[in-house]
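See below for the structure under consideration.
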Amino acid sequence: MGYVALDLSKTSTGWAAWEPGWEKPRYGRWVLGSEYTSRGGVFAKLHQNLTELHRVLCKVEYLYAEEPINPAQLQGGTTIDTIRIASGLSAHTESWAHAMGVRRFQEFNIASWRSDFIGRVANNAAKSKARQLKKAGDKRASARKDLKALTIARCKQLGFAPRTDDEADALGILTYGLLISGQTPPWLAAEALQVPLDIPA
C-alpha cells in the first residue's frame, strides 16, 4: 500500500512516497519539460514518471497533490500558458489515478497542508510580516519565500534533507495526507517536542 504526494510543476515536480514499514519516505523531483516542451509532452512525461514510480518503488494506492491555485488569486507575471499547465497537470494526475485504480486521489489547499506542517504560529507570523511590508510600501512583498524556507526547515527538523523546496513541499503534503487518512507517519510518531520554527531573517 503506497502513499505518494506531488508538488506539481513543469520545471520541478517534487514527489514523496511512503509505505507502511518504511521508517522514512523516499523523495525527489522530476523535470517534466523545458520552455520548448509542449503541454502534451509535459503531461506525457508526468504519466511516464508516475507509472515508473508505481511499478518500481511502490504500488500507489493513495495519491495526494497540492491543488492548483485559483486564477483569481494569481499575482505578477503569470501567463495563461502557466495556468493551463498547472490545471493540466492536476487533471492528468487525477486521470492517471483513475486509470491505475488508485484507491484515493485527493488535492489539498496550500494554506491547509502548510500551516499544519510548519505550525500555525510560524505560518501566521510569515504572512503577518508580508502584510506589514506591504503596508510600509513594498507592493511586491510576499510570504512565499519565508514559507518555503520554513517548510525546508521543518523537513530538516524531521530528519529529511530536501535538495529543493519542491521536494520539501512534497514531504509536507505527504505528511498531511497521511494524517488526513488516519495514518501517523513514523517520523512524527518518534518526534519529541520541538522548538517552534523561526521566520528566516
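Paired with Tyr62 under the rule side-chain hydrogen bond (donor to acceptor under 3.5 Å, both in side chains), one option of Arg103, Arg104, Gln183 passes, and it is Arg103.
Across all their heavy atoms, Leu6 and Trp30 have their closest contact at CD2-CZ3, 4.0 Å. Considering all non-hydrogen atoms of both residues, Ala17 and Trp22 come closest at O-CZ3, 3.5 Å. For Pro162 against Ile152, the heavy-atom pair with the smallest separation is CG-CG2, 4.4 Å. Shown here for Cys58 and Gly2, the closest heavy-atom pair between the two residues is SG-CA, 4.0 Å. Residues Ala143 and Ala126 share a closest heavy-atom pair of CB-O, 3.6 Å. Looking at every heavy atom in both residues, Tyr3 comes nearest to Ser181 through CE2-CB, 4.4 Å.
Distance CD1/Ile173 to CD1/Ile110: 7.5 Å, rounded to 0.5 Å. In this structure, CG on Leu8 lies 10.5 Å from NE2 on His92, to the nearest 0.5 angstrom. Note: His47 NE2 to Ser95 OG = 8.5 Å, rounded to the nearest 0.5 Å. Distance CH2/Trp113 to CG/Leu179: 13.0 Å, rounded to 0.5 Å. Atom-to-atom distance recorded for Met100:CE and Glu61:CD is 11.5 Å, nearest 0.5 angstrom. Between Glu66 atom CD and Ser9 atom OG the span is 10.5 Å, to the nearest 0.5 Å.
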Could you go step by step and tell me if Leu188 and Thr175 meet the side chain to side chain contact (heavy atoms under 4.5 Å, CB included) rule? CA-CA 9 Å; Leu188 292 185; Thr175 301; 3.6 Å; yes
Mind running side chain to side chain contact (heavy atoms under 4.5 Å, CB included) on Asp169 and Lys148 for me, showing each step along the way? CA-CA 8 Å; Asp169 284 355; Lys148 290 279 190 183; 2.5 Å; yes
Please determine whether side chain to side chain contact (heavy atoms under 4.5 Å, CB included) holds for the pair Val60 and Leu53, giving the CA-CA distance in whole Å, both sets of side-chain angles, and the decisive distance to 0.1 Å. CA-CA 8 Å; Val60 183; Leu53 185 150; 3.8 Å; yes
For Trp96 and Val102, what are the C-alpha separation, side-chain angles and deciding distance, and is it a side chain to side chain contact (heavy atoms under 4.5 Å, CB included)? CA-CA 8 Å; Trp96 181 90; Val102 171; 3.9 Å; yes
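A donor-acceptor contact closer than 3.5 angstrom links the side chains of Glu107 and Ser90.
You'll find the side chain of Thr93 reaches within 4.5 Å of the side chain of Phe105, heavy atoms only. For the pair Asp166/Thr13, no side-chain contact is recorded, criterion being any heavy-atom separation below 4.5 Å from C-beta on. Looking at heavy atoms from C-beta onward, Lys59 lies in side-chain contact with His54 at the 4.5 angstrom threshold. Here the side chains of Leu147 and Asn123 are in contact, with some heavy-atom distance below 4.5 Å. Here the side chains of Leu89 and Leu46 are in contact, with some heavy-atom distance below 4.5 Å. Within the 4.5 Å cutoff, the side chain of Leu178 has no heavy atoms near those of the Thr184 side chain.
Annotation: Trp187 is in aromatic contact with Phe160 [ring centroid separation under 6.0 Å].
Using a distance-only test at 3.5 Å, with no hydrogens or angles considered, no donor-acceptor pair links the side chain of Ser128 to the main chain of Asn124. With hydrogens and angles disregarded, a donor-acceptor distance shorter than 3.5 Å links the side chain of Ser115 to the backbone of Ala111. Formation of a donor-acceptor pair under 3.5 Å by the Glu167 side chain with backbone atoms of Arg163 is found in this model. With hydrogens and angles ignored, the 3.5 Å screen pairs no side-chain donor or acceptor of Lys10 with any backbone N or O of Val42.
A salt bridge does not link Asp146 to Lys127: none of the charged side-chain nitrogens sits closer than 4.0 Å to a carboxylate oxygen. For the pair Asp7 and Arg29, the salt-bridge criterion is not met [side-chain N within less than 4.0 Å of a carboxylate O].
The number of heavy atoms from other shown groups lying within 6.0 Å of CZ (Arg84) does not exceed 12.
Under the 4.5 Å side-chain heavy-atom criterion for Ile, Leu, Val, Met, Phe, Trp and Tyr, Val31 and Trp15 are members of distinct hydrophobic clusters.
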